[in-house]
Amino acid sequence: MYNLHCTKKLLDRLKRPIAEAVEPETRLGNWYATVLFWKPQMVLAVNERTLLPVLLPLAPAVTLVERFPQAVGEALKALDVPEAVIAEELQAMGYGSVCKTANRSLIGMMNEFSFLAESYRHHFGTTEPIAVMRKLVITPCRPIKYLSPQEVLSQICL
């Protein structure tokens, strides 16, 4: 089980009941998500523990929570996380609940990643989720002591 803490913009598009956050059963923990108004619209999710950014298409919005673990698996695979760790994480992510945001620091990081993703999209001319994620994942971040999400992820998953 995992929690997907969504911004109001994303909650309005999901049209799902809002649940109370529970203790996640995953290695990576909770996720925060917002919508990027690109064509097509994308969802930017950021992991609370590692600040790992994951992008995936918003449409169809009603299946976002069910599609999200697959996008996490693809991102972890692209970052060379061992298959056993990916399988364990996806197994633990069996069910997701939609919650309101609760961590202002994470919202700030989502805003920063949104700005950087938009810049990378224009500079490199790509909206491919994995390509944008590869650029974002090497960004040093203050909340994790100026390490990059990729460095923190490798510490947790290896």
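In this text, all values refer to a predicted model and were calculated from it rather than measured experimentally.
Linking Ile, Leu, Val, Met, Phe, Trp and Tyr whenever their side-chain heavy atoms come within less than 4.5 Å leaves Val62 and Leu10 in two separate clusters. Cluster annotation: Met93 and Val22 are assigned to distinct hydrophobic clusters (Ile/Leu/Val/Met/Phe/Trp/Tyr, side-chain heavy-atom contacts under 4.5 Å, transitive). When the side chains of ILVMFWY residues are joined at heavy-atom separations under 4.5 Å, either directly or via intervening members, Met1 and Val54 end up in two distinct hydrophobic clusters.
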*Before giving the answer on side-chain contact (heavy atoms from CB on, under 4.5 Å), spell out for Leu64 and Arg13 the whole-Å C-alpha distance, their side-chain angles and the decisive distance to 0.1 Å.*
CA-CA 10 Å; Leu64 176 69; Arg13 283 159 183 75; over 6 Å; no

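Of all the heavy atoms in Ala21 and Asn3, the pair that sits closest is CA-OD1, 3.8 Å. Nearest heavy atoms, Gly29 versus Asn47: O-ND2, 4.1 Å. Of all non-hydrogen atoms in Ala33 and Leu4, the two that sit nearest each other are CB-CD1, 3.8 Å.
Distance check: Leu11 CG to Cys99 SG gives 9.0 Å after rounding to the nearest 0.5 Å. Gln150 CD to Ile138 CD1: the interatomic distance, rounded to the nearest 0.5 Å, is 7.5 Å. One distance of note links CH2 of Trp38 with CG of Leu55; it measures 5.5 Å at 0.5 Å rounding. Once rounded to the nearest 0.5 Å, the distance linking CG of Leu58 with CG of Leu36 reads 9.5 Å. Separating the CD1 atom in Ile144 from the CG atom in Leu51 is a distance of 4.5 Å, to the nearest 0.5 Å. To the nearest 0.5 Å, the span separating CG on Leu44 from OG1 on Thr34 amounts to 7.0 Å.
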Side-chain donor-acceptor distances from residues 73-83 under 3.5 Å, at least two apart:
residue, atom, partner, partner atom, Å
Glu74, OE2, Gln70, NE2, 3.3

Which pairs of donor and acceptor atoms, one on a side chain in residues 100-109, lie under 3.5 Å apart (sequence neighbours left out)?
residue, atom, partner, partner atom, Å
Asn103, OD1, Ser105, N, 3.0
Asn103, OD1, Leu106, N, 3.2
Asn103, ND2, Glu48, OE2, 3.3

Enumerate, atom names and distances included, each donor-acceptor pair closer than 3.5 Å involving a side-chain atom of residues 122-132, sequence neighbours excluded.
residue, atom, partner, partner atom, Å
His122, NE2, Glu118, OE2, 2.6
Thr126, OG1, Glu128, N, 3.0

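By the ring-ring contact (aromatic ring centres under 6.0 Å, His included) test, Tyr32 is found to be paired with His5, residues two or more places apart in sequence or in another chain being considered. With sequence neighbours excluded, the residues forming a side-chain hydrogen bond (donor to acceptor under 3.5 Å, both in side chains) with Arg27 are Glu88, listed by chain and number. Residues passing the side-chain hydrogen bond (donor to acceptor under 3.5 Å, both in side chains) test with Lys8, sequence neighbours excluded: Asp12. Looking at residues two or more places apart in sequence or on another chain, you find a side-chain contact (heavy atoms from CB on, under 4.5 Å) between Glu66 and Arg16, Thr63.
Applying the ring pair (Phe, Tyr, Trp, His ring centres under 6.0 Å) test to residues at least two apart or on different chains, none of the pairs has a partner in residues 132-158. For residues 54-77, the ring pair (Phe, Tyr, Trp, His ring centres under 6.0 Å) pairs, not counting sequence neighbours, are Tyr2-Phe68, Trp31-Phe68. For residues 73-108, no residue pair satisfies the ring pair (Phe, Tyr, Trp, His ring centres under 6.0 Å) rule, not counting sequence neighbours. Listed by first and then second residue, the salt bridge (charged side-chain N to carboxylate O under 4.0 Å, His left out) pairs that reach into residues 141-158 come to none, sequence neighbours excluded. For residues 108-117, the set of pairs meeting the side chain to side chain donor-acceptor pair (under 3.5 Å) definition, not counting sequence neighbours, is empty.
Within a 6.0 Å radius of CZ in Phe115, no more than 12 heavy atoms belonging to other residues, nucleotides or ligands are found.
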